[in-house]
Amino acid sequence: MPFDIPVIAIDGPSASGKGTVAQKVAESLGFHCLDSGSLYRLVALAALRSQLPWSAEAALGEIAKTLPVRFHGGEIILVNSIVTDDIRQEACSAGASIVAAIGAVREGLLERQKAFRQAPGLVAEGRDMGSVVFPDAVLKVFLTASAEVRAERRLKQLKQKGITAKLPVLLQDLRERDARDSSRSVAPLKPTQDARWLDTTALDVDQAVNQILLWYQESR
Ligand code: C5P
């Protein structure tokens, strides 16, 4: 294992902007980027396509381990088809959160995630990046923001996609998801003790990215 290759782990609640921030930090440093949630979404998509029930835990674990997936030029390719947009569909979001609670799936994805650790470095985004997958990450960031601000950001994002939504509904949805994510027994939403908190309620994306880059320089 290339333990000398630096990893920056970023976690945080839903709609905290961790995906965008992780990608920008990776771009600034010329690092690879792992969106670990996409792997859980891919397992869900593969299960849905082969009509496998969520109760088939061993088979889902096998899918997680052997899934023929490639990440290429911003696209995600499963077997021979581009599934970048498919995995963002609501059915995959719901399925991902179900398969993410299955131990065999988490186990099956472990080595696959570790393999993303390649020179010159990796920014890994998602739930257990700093606790389980890369416990020796040089920097662990817990990115958060008030539920109100996160709901507003989500609303803006949806508007840009031409989707109408109501702020109170989004806010309620986020609060429920926070509660569910924090209380689940498998990989709950919880910062590691050595994580640095970054509250982005009053920060824009670039300010958040710059703070992380500063912390990274300090950690070297
Ligand atoms: O981040 P994203 O919404 O793509 O994650 C999809 C699902 O996978 C969520 O339910 C999330 O909790 C779960 N997940 C996880 N561990 C990770 C990344 C995502 O349990 N490292």
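Given the structure is predicted, the values throughout are model-derived calculations rather than measurements. Start at 1 and go down the list; that is how both ligands and their atoms are numbered. Along the sequence shown, residues are numbered consecutively beginning with 1. Values below: all heavy atoms of this structure, side chains included; hydrogens, waters and symmetry mates excluded.
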Can you work out which protein residues put a heavy atom within less than 4.0 Å of ligand 1? S36, G37, Y40, R41, R88, A96, S97, A100, R106, G126, R127, D128, M129, R184
Inspect the contact between D206 and K24 and indicate whether a charged nitrogen and a carboxylate oxygen are less than 4.0 angstrom apart. yes
Could you tell me whether R153 and D204 have a side-chain N and a carboxylate O separated by less than 4.0 Å? no
Donor-acceptor contact present, side-chain T200 to main-chain L203, <3.5 Å: no
Is R106 paired with D128 through a side-chain N to carboxylate O contact shorter than 4.0 Å? yes
Any idea which heavy atoms bring R117 and V7 closest together, and the distance? NE-CG2, 3.3 Å
Can you tell whether the side chains of D136 and K114 come within less than 4.0 Å, N to carboxylate O? no
